[in-house]
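Below: one structure, written as structure tokens.
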Amino acid sequence: MEILSHWQSFDFKVAAVVLIAYLLVDAMYAYYTLAVTRNKPVAAASVGATMHFLIAFGVLNYVQNYLYIIPLAVGSWFGTYFVVRYSLK
């Protein structure tokens with residue numbers, strides 16, 4: 001019955017924001033890694049700080065309802081995929 005209560009409190013608008021936030025987080029993490037390896041300290045530090053802000057947003061949401069981990073993971077996958085895919089060109 002616990003999953004039923006989580007579904008009842010699940011908000012698709014919040015899920016969409018979590019998905020977008022984590023798409024950005026993983027895109028930023030991939031960019032952060034590239035900036036560090038290319039010795040760009042200002043870019044790496046700026047992206048790192050923004051990334052942690054978005055991570056905190058996601059954590060606050062899935063602590064209340066673990067079903068928000070689903071859009072979190074989907075956003076994470078797409079964020080990394082797009083940055084790695086388009087950084088090769």
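Numbers for residues simply follow the sequence, beginning at 1.
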Taken to the nearest 0.5 Å, the spacing of L24 CG from I55 CD1 works out to 11.5 Å

One should read off an interatomic distance between M51 CE and Y31 OH, to the nearest 0.5 angstrom, of 12.5 Å

Residue set satisfying side chain to side chain donor-acceptor pair (under 3.5 Å) with S9, at least two apart, ordered chain then number -> N65

Residues L54 and Y22: closest non-hydrogen pair is O-CE1, 4.0 Å

Distance col, row L23:CG vs W77:CH2, nearest 0.5 angstrom, shows 10.5 Å

With a 3.5 Å distance limit and no angle check, can you tell me whether T37 reaches the backbone of L34 through a side-chain donor-acceptor pair?
yes

Expected output: side-chain S76 to main-chain L72 donor-acceptor under 3.5 Å: no

Residues passing the side-chain contact (heavy atoms from CB on, under 4.5 Å) test with A44, sequence neighbours excluded, are Y32, A35, V36

Correct closest heavy-atom pair for Y66 and E2 would be CE2-OE2, 3.8 Å

Taken in chain and number order and not counting sequence neighbours, the residues that satisfy ring-ring contact (aromatic ring centres under 6.0 Å, His included) with F10 are W7, F12, Y68

Here the pair of heavy atoms bringing V47 nearest to M28 is CG1-O, 3.1 Å

